[in-house]
Amino acid sequence: MSEVSSSAGLAPPAHGAVDLLVIAAEHSGDEHAARVVQGVLAAQPGLKVCALGGARLHAAGAQLLRNLTGHSALGLAVVTRLSYYRALIAEIVDWIGRHRPRAVCFVDSSGLNLRIAAGLFAKGYSAKAGGPTKAVYYISPQVWASRAGRRFEMAKLLDGLAAIFPFEPEVYADTSLPVEFVGHPFVAPDYAPPVRYDPSGPVLLLPGSRRSAVARIFPALLAGYQAWGAQRPAEVLYPGEEILAVLKAARPPVGVAFRPTAGSAGVGASAVLTSSGTMSLHCALAGIPGAIAYRTDLLTYWIGRSLVKVPYLGIANLLLREPMYPEYLQGAATPAVLAAELATCTGDAARISRTAVQAGQLRALLGEAAKRTAPVWLADYLR
């Protein structure tokens, strides 16, 4: 297994050549990408894979050029780090131009990845611009929620896209981009979910995986939990040490325990207060009753309201077209309403039963038959 490169620059491929570069800038993308890389390497063990991602891609067998997962940002936090991201994009584009991988697989994180794809096109490195490197995308940006026009630029820059929601190929039907539904990783037969429903278990408080978001959302979740009277212990799953530091800075009370997400498969919980990200879908699929709380800076919120064209933030709510998890945004996420949600989630038999039914419906939607898995889809671009 190759070692992580230093921060002085991106290392060259350890074996002098590279077949595939994977770019996943967030913890969830690192997790999903790792499973795809594992599948590709199982079918083609001789492939040389490099990655800009995190520990899971490294463990999957990729040479990790740089850990990006500790730097993910959202909203105005991105503005404060523009020089960092500009330099990073230029460095990645230059690396690809020098080492010419057969394919680059972008995973989620459209703000970063589509800019890299545009840089490859502008430099003539990508196949769409006549270069040697195919540019493919796993996990579609949410163009169905906001900035729908991005799909035409994506068709110009990319050779293919793998979607994880069954409705997404139709979203791109008016473009030239080949889009294939490959199934959602959370319902794959070999996937070990990080959480499960346990009616006697603790409460989960899940503020997300971005530092700026966690700093805003976690205090709201704590306040709701304390207003409920902390009637059960609480657990917080965290993706990395940099997030743990943010969590501890909120000075949680006794009874709140921290557990790393990695290696925590099957954590039992009776209820959850969560942000709208990846973990909310995990909890919904597990049938854990809960609610969504979300807070961001005011400018990002107002910009988001003008751009987002869907009725819900939570993907489970969007797929079911009803609020499986009631959503409390900005100032609506008060201690009183979050405490009331915890009381209902742990004490209302009808709410608990309804959540179980909705979880089954959700698994059926995401388990819709896909022609191919993500590793098989990606392997086609490495032939």
Audit row: R151, L177, side chain to side chain contact (heavy atoms under 4.5 Å, CB included) steps and yes/no: CA-CA 8 Å; R151 67 191 190 278; L177 181 62; over 6 Å; no
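- Both L161 and W144 sit in one connected hydrophobic cluster of ILVMFWY residues. Membership requires side-chain heavy atoms under 4.5 Å apart, directly or through other members.
- Among pairs with a residue in residues 332-343, those fulfilling salt bridge (charged side-chain N to carboxylate O under 4.0 Å, His left out) read E341-R351, at least two apart in sequence or across chains.
- The CD atom of Q361 sits 7.5 Å away from atom CG of L365, with the distance rounded to the nearest 0.5 Å.
- Aromatic rings of H184 and Y191 (six-membered ring for Trp) have centroids beyond the 6.0 Å cut-off, not under it.
- Screening residues 106-123 for side chain to side chain donor-acceptor pair (under 3.5 Å) gives S110-R150 as the qualifying pairs, with residues at least two apart or on separate chains.
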Hey, can you pull the donor-acceptor pairs under 3.5 Å for the side chains in residues 124-135, sequence neighbours left out?
from, atom 1, to, atom 2, distance (Å)
K128, NZ, A155, O, 2.6
K128, NZ, L158, O, 2.8
T133, OG1, P101, O, 2.7

V40 and V49: side chain to side chain contact (heavy atoms under 4.5 Å, CB included), yes or no, with the steps? CA-CA 10 Å; V40 170; V49 182; 5.7 Å; no
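- Other residues, nucleotides and ligands place no more than 12 heavy atoms under 6.0 Å from the CZ atom of R100.
- Annotation: ring-ring contact (aromatic ring centres under 6.0 Å, His included) contacts involving residues 342-383, sequence neighbours excluded, comprise W377-Y381.
- By the 4.5 Å heavy-atom criterion applied to side chains, L281 and L366 are counted as neighbours.
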Side chain to side chain contact (heavy atoms under 4.5 Å, CB included) evaluation trace for M154 with V143: CA-CA 10 Å; M154 292 169 65; V143 298; 4.2 Å; yes
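- Minimum heavy-atom separation, A284 to L362: CB-CD2, 3.7 Å.
- Contact between A370 and G183 at its shortest, heavy atoms only, is CB-N, 3.6 Å.
- A donor-acceptor pair under 3.5 Å is absent between the side-chain atoms of R363 and the main chain of V187, judged by distance alone.
- In terms of hydrophobic clustering, with Ile, Leu, Val, Met, Phe, Trp and Tyr side chains grouped at heavy-atom distances under 4.5 Å, L318 and I139 are assigned to a common cluster.
- With D19 contributing its side chain and K48 its backbone, the two residues share a donor-acceptor pair below 3.5 Å.
- S280 places a side-chain N or O within 3.5 Å of a backbone atom of G277 that can act as its donor or acceptor partner.
- One finds the SG atom of C345 at 10.5 Å from the CD1 atom of I288 (value rounded to the nearest 0.5 Å).
- No side-chain heavy atom of E235 sits under 4.5 Å from any side-chain heavy atom of V195.
- Between V136 and F106 the shortest side-chain heavy-atom distance does not fall below 4.5 Å.
- Listed by first and then second residue, the ring-ring contact (aromatic ring centres under 6.0 Å, His included) pairs involving residues 197-253 amount to none (not counting sequence neighbours).
- What you find for V267 and L204 is that their closest heavy atoms are CG1-CD2, 4.3 Å.
- In this view, R196 satisfies the salt bridge (Lys or Arg N to Asp or Glu O under 4.0 Å) rule with no residue, not counting sequence neighbours.
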Give the table of side-chain donor-acceptor pairs shorter than 3.5 Å for residues 332-339, with sequence neighbours excluded, one pair per line with atom names and distance.
from, atom 1, to, atom 2, distance (Å)
T334, OG1, V337, N, 3.3

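- Applying the salt bridge (charged side-chain N to carboxylate O under 4.0 Å, His left out) rule to pairs touching residues 28-44 yields E31-R56, R35-D190, sequence neighbours excluded.
- In this structure a side-chain-to-backbone donor-acceptor pair under 3.5 Å is missing from S353 to A349.
- Residues M279 and L320 share a hydrophobic cluster, clusters being chains of Ile/Leu/Val/Met/Phe/Trp/Tyr side chains in contact below 4.5 Å.
- Hydrophobic clustering (ILVMFWY, side-chain heavy atoms < 4.5 Å, transitive): V357 and M324 are in distinct clusters.
- We find the CZ-CG distance between R98 and L10 to be 7.5 Å, quoted to the nearest 0.5 Å.
- Put simply, OG1 on T274 and CG on L237 are 9.5 Å apart, with the number rounded to the nearest 0.5 Å.
- Put simply, the side chain of V107 does not reach to within 4.5 Å of the side chain of V36, judged on heavy atoms.
- Within the 4.5 Å cutoff, no side-chain heavy atoms of S140 are placed close to those of V179.
- Residue pairs meeting the salt bridge (charged side-chain N to carboxylate O under 4.0 Å, His left out) criterion with at least one member in residues 318-338, sequence neighbours excluded, do not occur.
- Closest non-hydrogen pair, A271 versus T346, comes out as CB-CG2, 3.8 Å.
- Here the straight-line distance linking atom CG of L273 with atom OH of Y328 works out to 10.0 Å at 0.5 Å rounding.
- Contact check for P12 versus V18: no side-chain heavy atoms found under the 4.5 Å cut-off.
- Looking at heavy atoms from C-beta onward, H99 lies out of side-chain contact with L21 at the 4.5 angstrom threshold.
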F181 and E168: side chain to side chain contact (heavy atoms under 4.5 Å, CB included), yes or no, with the steps? CA-CA 7 Å; F181 172 59; E168 289 180 316; over 6 Å; no
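- Placement of Y137 and V376 in two distinct hydrophobic clusters is found when ILVMFWY residues are connected by side-chain heavy-atom separations under 4.5 Å, directly or transitively.
- Looking at F186 and T278, their side chains come closer than 4.5 Å, going by heavy atoms from C-beta outward.
- For E180, the salt bridge (Lys or Arg N to Asp or Glu O under 4.0 Å) partners two or more places apart in sequence, or in a different chain, are R372.
- R232 pairs by the salt bridge (Lys or Arg N to Asp or Glu O under 4.0 Å) definition with nothing, not counting sequence neighbours.
- Here the CD1-OH distance, from I116 to Y85, works out to 11.0 Å after rounding to the nearest 0.5 Å.
- Under the salt bridge (charged side-chain N to carboxylate O under 4.0 Å, His left out) criterion, no residue pair touches residues 274-287, with sequence neighbours excluded.
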